[in-house]
Amino acid sequence: MTTAQPQELDVQPTPLALLLLGREADPRSERGVECPGDLPSPSDPDLVARARAAKERLGDKVFVLGHHYQRDEVIQFADVTGDSFKLARDAAARPEAEYIVFCGVHFMAESADILTGDDQKVVLPDLAAGCSMADMATAEQVAECWDVLTEAGIAERVVPVSYMNSSADIKAFTGRHGGTICTSSNAERALEWAFEQGDKVLFLPDQHLGRNTAVRDLGMSLEDCVLYNPHKPNGGLTAEQLRDARMILWRGHCSVHGRFSLESVEDVRARIPGVNVLVHPECRHEVVAAADQVGSTEYIIKALEAAPAGSKWAIGTELNLVRRLANRFAPEGKEIVFLDRTVCFCSTMNRIDLPHLVWTLESLADGKLVNRIEVDPETERYAKLALERMLALP
């Protein structure tokens, strides 16, 4: 995707100071591109006041979205909070907002651009705020995979299902080939729909969500699933393996949720008697199998809201959210801990910090459009088709 250069505004790119991950990167990558500029100092004591002042100057022209995994210093300025798809839909429901500032990562901003009006401008405060999972499936790799499936004689029977946590290019591929998008909360429905269209699914890019949904929710066996490795010839699979499989899982994963292990679950149960283990379905299969409850980010929040006072919980998801929930429910006597002993933030999500947000809001207030995320019309057309199939799911 590209950073647009509109004629009517002075477009400024992301400051280089905090963009090291994006230096000399592929512009089609979730990690962004190199962009020089200046940021306010992170030690500036006036950052909060500056953010408030800039947001007030912009008024209804700006709508700030904050993903659940964002830092507290950023989330305080969000008009709405939620998971990636909820936020994209919230943006689409605010057509009067000229600027959509997405405090999240690149693929989320792309989805917002796809779902919002042509006159709305989606902005990502730091172009290097990417997603390692989304980076694990490129358009070229997936096209090559489809060639492998074609050579195996099964492509016409395969329906692609792509996780929301994927680039616009992958969503467009999915739309072109008759597939749908899913979230962690509707993956079961998406797979049921897909198996009504064909007898095999290519699940992109998170192997764990695909495997957990197929085995835990649809009753398949682990033997029904094969893992396609884009870095090996033919995905590391034989034609016979592909023909026998029902679920062809892409070799991708979330770097945060993938850290949780069965040992983490066993350790927390030993340390906290009576603890309830609640994990995200992006976790490894053995972690999901050992947990008491499994669900999306929104599911986790609602489960803790409904939990009785005095209950104990170990949560397997991103640390910013877990810490925020622990603080929120502490007055109710609910003990909430991070599942693993090792602290683990989403490093790319955390690139959206207060200096980047202040720089973004002040630039927009001064009439300078920065870091616009714009999906090209052809990609948008097919990506939107895949998203609309998801929205039409019963």
Side-chain angles (χ1 to χ4, degrees), residues 1-4 12-37 39-40 42 47 51 62-78 80-88 91 99-114 121-136 163-170 205 254-257 297 317-321 344-361 363-364 369-375:
M1 297 305 99
T2 60
T3 302
Q12 300 285 326
T14 298
L16 179 60
L18 296 181
L19 192 58
L20 299 181
L21 283 180
R23 291 196 66 178
E24 300 176 3
D26 183 345
R28 293 167 297 178
S29 164
E30 284 291 310
R31 295 181 186 270
V33 294
E34 180 176 358
C35 301
L39 276 178
L47 284 178
V62 70
F63 190 47
V64 180
L65 308 175
H67 191 273
H68 285 309
Y69 296 166
Q70 284 294 304
R71 306 162 179 255
D72 287 345
E73 67 190 64
V74 169
I75 213 77
Q76 66 179 314
F77 293 103
V80 293
T81 59
D83 61 15
S84 59
F85 185 61
K86 175 183 180 295
L87 292 176
Y99 304 116
I100 305 296
V101 176
F102 209 125
C103 297
V105 294
H106 198 274
F107 78 79
M108 300 178 187
E110 286 182 329
S111 297
D113 183 62
I114 290 167
K121 303 170 182 67
V122 177
V123 173
L124 185 66
D126 185 347
L127 291 181
C131 173
S132 59
M133 180 202 296
D135 276 346
M136 292 176 189
Y163 191 21
M164 192 72 182
N165 299 28
S166 59
S167 69
D169 285 337
I170 300 307
C254 170
S255 58
V256 171
H257 292 105
T297 303
T317 193
E318 206 274 341
L319 183 56
N320 272 317
L321 175 60
C344 185
F345 294 99
C346 175
S347 59
T348 49
M349 186 78 73
N350 268 266
R351 294 191 71 86
I352 307 296
D353 55 14
L354 200 47
H356 278 93
L357 181 60
V358 169
W359 171 77
T360 298
L361 294 174
S363 296
L364 294 176
L369 178 60
V370 294
N371 290 6
R372 183 179 182 184
I373 301 299
E374 190 172 33
V375 179

**Request:** Identify the two heavy atoms, one from G130 and one from V105, that lie closest to each other, and give their separation to 0.1 Å.
**Result:** O-CG1, 3.1 Å
**Request:** Over all heavy atoms of both residues, which pair between F107 and A134 is shortest? Give the atoms and the distance, please.
**Result:** CD2-CB, 4.4 Å
**Asked** Going from NZ on K86 to NE2 on H68, what distance comes out if it is rounded to the nearest 0.5 angstrom?
**Response** 6.5 Å
**Message:** So if I apply the side-chain contact (heavy atoms from CB on, under 4.5 Å) rule between V101 and each of L364, V370, N371, I352, which one comes out positive?
**Reply:** L364
**Asked** L65 versus V80: any side-chain heavy-atom pair under 4.5 Å?
**Response** yes
**Prompt:** Picking from P205, S166, S255, what satisfies side-chain contact (heavy atoms from CB on, under 4.5 Å) with M133?
**Reply:** P205
**Asked** Can you tell me how far the OH atom of Y99 sits from the CZ atom of R372, to the nearest 0.5 Å?
**Response** 10.0 Å
**Item:** With Y69 via ring pair (Phe, Tyr, Trp, His ring centres under 6.0 Å) - residues at least two apart
**Value:** H67
**Asked** Rounded to the nearest 0.5 Å, how far apart are CG of D83 and OG1 of T297?
**Response** 6.0 Å
**Asked** Taking only residues two or more places apart in sequence or in another chain, which ones pass side-chain hydrogen bond (donor to acceptor under 3.5 Å, both in side chains) with T81?
**Response** none
**Message:** For W359 versus P125, what's the shortest heavy-atom pair and its separation?
**Reply:** CZ3-O, 3.8 Å
**Prompt:** Given M108 and L87, is the side chain to side chain contact (heavy atoms under 4.5 Å, CB included) satisfied, shown in steps?
**Reply:** CA-CA 8 Å; M108 300 178 187; L87 292 176; 5.6 Å; no
**Prompt:** Does the side chain of V62 reach to within under 4.5 Å of the side chain of V123, using non-hydrogen atoms?
**Reply:** no
**Fill in**
Interatomic distance, CG@L124 vs CZ@F102, rounded to 0.5 Å, equals 9.0 Å
**Item:** Derivation and outcome, side chain to side chain contact (heavy atoms under 4.5 Å, CB included), residues C103 and I75
**Value:** CA-CA 8 Å; C103 297; I75 213 77; over 6 Å; no
**Message:** Restricting to non-hydrogen atoms, name the atom on L361 and the atom on A51 that form the minimum distance, rounded to 0.1 Å.
**Reply:** CD1-O, 3.9 Å
**Prompt:** Are side-chain heavy atoms of L127 and I373 found at a separation under 4.5 Å?
**Reply:** yes
**Request:** Measure from the side-chain N and O atoms of D113 to the backbone N and O of V122, and report whether any donor-acceptor pair falls under 3.5 Å.
**Result:** no
**Request:** Measure the shortest side-chain to side-chain distance between I170 and Y163 over non-hydrogen atoms and say whether it is less than 4.5 angstrom.
**Result:** no
**Item:** Closest non-hydrogen atom pair, D353 against H356
**Value:** OD1-ND1, 2.8 Å
**Prompt:** By side chain to side chain contact (heavy atoms under 4.5 Å, CB included), which residues pair with Q76, not counting sequence neighbours?
**Reply:** V48, R52, E73
**Fill in**
Closest non-hydrogen contact found for E318 with V256 is CA-CG1, 4.0 Å
